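Treat the numbers as computed from the prediction; the structure is a model and nothing was measured. Each ligand, and each atom within it, is numbered from 1 in the order the structure gives.
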Amino acid sequence: MTAPVAAASGEFTIGGNLTVRRLGYGTMQLTGEGVWGDPKDPDEAVRVLRRAIELGVNFIDTADAYGPFTADLLLNKALHPYADDLVIATKAGFARTGPGQWVPIGRPEYLRQQVELSLRHLGLERIDLLQLHRIDAKVPVAEQLGELAELQQEGKIRHIGLSEVSVEQIEEAGKTARIVSVQNLYNLAQRDAEPVLEYAEQNGLGFIPWFPLATGGLAKAGGPLDQIAKEHDASPSQLALAWLLKRSPNMLPIPGTSSVAHVEDNVAAAQVELTDEEFARLTEAVG
Ligand SMILES: NC(=O)c1ccc[n+]([C@@H]2O[C@H](COP(=O)([O-])OP(=O)(O)OC[C@H]3O[C@@H](n4cnc5c(N)ncnc54)[C@H](OP(=O)(O)O)[C@@H]3O)[C@@H](O)[C@H]2O)c1
């Protein structure tokens with residue numbers, strides 16, 4: 001049996017016992033405009049999820065807030081009962097008050113409610129990786145992480161991660177709960193999170209770069225990667241993803257797309273191997 005395409009991205013073990021193929025998939029594009037409501041083509045959304053799995057993806061990032069609930073219900077529809085090796089990482093901590101509107105809420109009772117709803121919508125008894133979508137500045141960090149740690153003790157969450165945080169915030173959160181991953185904005189063109197990536201490498205955390213394709217800016221024809229991509233016989237999005245995979249063994253990119261053609265293009269990035277020289281050229285050309 002030949003290995004699935006995504007296997008070429010290698011593996012990373014989250015939290016010491018959750019092994020995933022490094023190139024994953026993110027569900028945020030499977031909703032309507034403004035990450036609100038149903039997608040234009042719900043049948044294509046189901047096909048995208050099933051195709052990702054066929055290609056060997058076994059790490060999917062989602063959130064209660066995508067829709068809200070739309071992406072999680074699509075995951076359930078497309079993939080339940082889930083394969084044993086599939087890891088669904090979800091998030092809680094944002095209220096949605098309308099299209100394009102995101103309001104951080106870290107009150108313990110809200111986080112608990114959202115975890116309970118995610119379990120129900122996803123059809124799971126335990127969430128493998130629950131990421132606090134944002135730390136809510138209005139609520140003490142220890143209260144937010146304390147509630148997640150309690151849910152962990154109750155067996156409803158296996159591992160806890162953070163999103164869009166500084167090194168100081170990871171350390172502060174780590175006083176209350178064991179943090180195994182961090183998800184920050186990071187791609188070839190936006191590298192402000194470099195110190196957090198280095199911290200993740202030093203401390204064995206998974207680093208999940210969101211907007212790995214600069215929300216499409218790195219993937220488009222005529223974009224900054226177009227010329228180098230032509231020389232390399234790869235698509236611009238494949239180069240952007242191959243660069244991330246080479247940048248760090250802790251890197252777990254989760255490109256999002258609403259189309260089967262693009263999921264095929266993106267997963268094939270696992271097989272694009274950059275030489276050190278090509279990596280350096282991309283780093284300079286786009287940085
Ligand atoms: N933690 C956070 O706060 C946070 C914030 C944002 C996102 N996220 C997570 O990160 C994931 C990735 O972010 P994202 O989906 O917003 O942005 P992204 O992966 O950087 O880019 C997605 C965009 O690129 C396009 N695209 C994808 N593959 C392509 C290809 N091969 N060729 C041409 N265009 C392509 C998509 O359009 P098509 O649909 O037409 O392919 C879409 O417009 C999300 O799905 C979500 O899980 C997390």
Practice task
Assert yes or no for the condition that the ring centre distance of Phe207 to Tyr186 is strictly below 6.0 Å.
Solution key: yes

Practice task
Can you see which heavy atom on Glu164 is nearest to which on Asn184, and at what distance?
Solution key: N-OD1, 2.9 Å

Practice task
May I ask you to check if ligand 1 and Gln183 share an N or O to N or O distance below 3.5 Å?
Solution key: yes

Practice task
Check whether the side chains of Thr19 and Thr13 place a donor and an acceptor atom closer than 3.5 Å, and report yes or no.
Solution key: yes

Practice task
For the residue pair Gln113 and Leu117, establish whether any side-chain heavy-atom pair is separated by less than 4.5 Å.
Solution key: yes

Practice task
Pick, from Ser258, Ala261, Gly256, the option with the minimum heavy-atom distance to atom 27 (C) of ligand 1.
Solution key: Gly256

Handout entry: Sidechain N-carboxylate O distance under 4.0 Å for Glu116, Lys156
Key = yes

Exercise for the section: Select one of side chain, backbone, both or neither to describe which atoms of Ala214 lie under 4.0 Å from any atom of ligand 1, heavy atoms only. Expected result: backbone

Practice task
Return yes when Pro212 approaches ligand 1 closer than 4.0 angstrom through a heavy atom, no otherwise.
Solution key: yes

Fill in the blank from the handout: of all protein heavy atoms, closest to atom 3 (O) of ligand 1 is Arg134 NH1, 2.9 Å

Completion exercise
Within the 4.0 Å heavy-atom cut-off, what Ser237 brings close to ligand 1 is side chain

Handout entry: Test item: side-chain donor near acceptor, Ser118 and Asp64, under 3.5 Å
Key = no

Problem - Min N/O separation Leu213 to ligand 1 under 3.5 Å - result: yes

Fill in the blank from the handout: Of all protein heavy atoms, the one nearest atom 1 (N) of ligand 1 is Ser163 OG, 2.9 Å

Exercise for the section: Compute whether any side-chain donor of one residue and acceptor of the other, for Thr257 and Asn266, lie under 3.5 angstrom apart. Expected result: no

Problem - Pairs satisfying ring pair (Phe, Tyr, Trp, His ring centres under 6.0 Å), at least one member in residues 136-178, at least two apart - result: none

Problem - 4.5 Å side-chain heavy-atom contact, Leu124 and Tyr82 - result: yes

Handout entry: atom 6 (C) of ligand 1: nearest protein contact (heavy atom, Å)
Key = Trp210 CE3, 3.2 Å

Handout entry: Nearest-contact summary for atom 7 (C) of ligand 1 - protein heavy atom, Å
Key = Met28 SD, 3.5 Å

Exercise for the section: Please verify whether a non-hydrogen atom of Tyr66 lies at under 4.0 Å from ligand 1. Expected result: yes

Exercise for the section: Please list, chain by chain and in numerical order, all residues satisfying side chain to side chain donor-acceptor pair (under 3.5 Å) with Ser163, sequence neighbours excluded. Expected result: Arg134

Practice task
Please tell me if the side chains of Tyr66 and Asp61 come closer than 4.5 Å, counting only heavy atoms from C-beta onward.
Solution key: yes

Exercise for the section: Give the contacting part of His133 toward ligand 1: side chain, backbone, both or neither, where contact means a heavy-atom distance below 4.0 Å. Expected result: side chain

Exercise for the section: Would you check whether Gln131 reaches within less than 4.0 Å of ligand 1, judged by its heavy atoms? Expected result: no

Exercise for the section: Report yes or no: does Gln238 have a heavy atom closer than 4.0 Å to ligand 1? Expected result: no

Practice task
Output yes when Glu54 and Arg51 qualify as a salt bridge under the 4.0 Å nitrogen-oxygen rule, no when they do not.
Solution key: yes

Exercise for the section: Measure Asn266 to ligand 1 on non-hydrogen atoms and call it side chain, backbone, both or neither using the 4.0 Å cut-off. Expected result: side chain

Problem - Side-chain ion pair, Arg47 and Glu44, N-O less than 4.0 Å - result: yes

Completion exercise
re atom 24 (O) of ligand 1, the protein heavy-atom contact at minimum distance is Gly216 CA, 3.2 Å

Handout entry: Part of Ile254 within contact of ligand 1 (heavy atoms, under 4.0 Å)
Key = both

Problem - Any N/O pair His262/ligand 1 closer than 3.5 Å - result: yes

Problem - Nearest non-hydrogen protein atom, atom 47 (O) of ligand 1 - result: Asp61 OD2, 2.7 Å

Exercise for the section: Would you check whether Gln29 reaches within less than 4.0 Å of ligand 1, judged by its heavy atoms? Expected result: yes

Fill in the blank from the handout: for atom 18 (P) of ligand 1, nearest protein heavy atom and its distance come out as Thr215 CA, 3.7 Å

Handout entry: Atom indices of ligand 1 within 4.0 angstrom of Thr257 heavy atoms, with elements
Key = 27 (C), 38 (P), 39 (O), 41 (O)

Problem - Ligand-side contact atoms (ligand 1) for residue partner Pro255, heavy atom cut-off under 4.0 Å - result: 19 (O)

Problem - Aromatic plane relationship, Phe279 with Trp243 - under 30° parallel, 30 to 60° tilted, over 60° perpendicular - result: parallel

Problem - Close N or O approach (Ser259, ligand 1; < 3.5 Å) - result: no

Practice task
Pick one of side chain, backbone, both or neither for how Thr62 approaches ligand 1, counting any non-hydrogen atom pair under 4.0 Å.
Solution key: neither

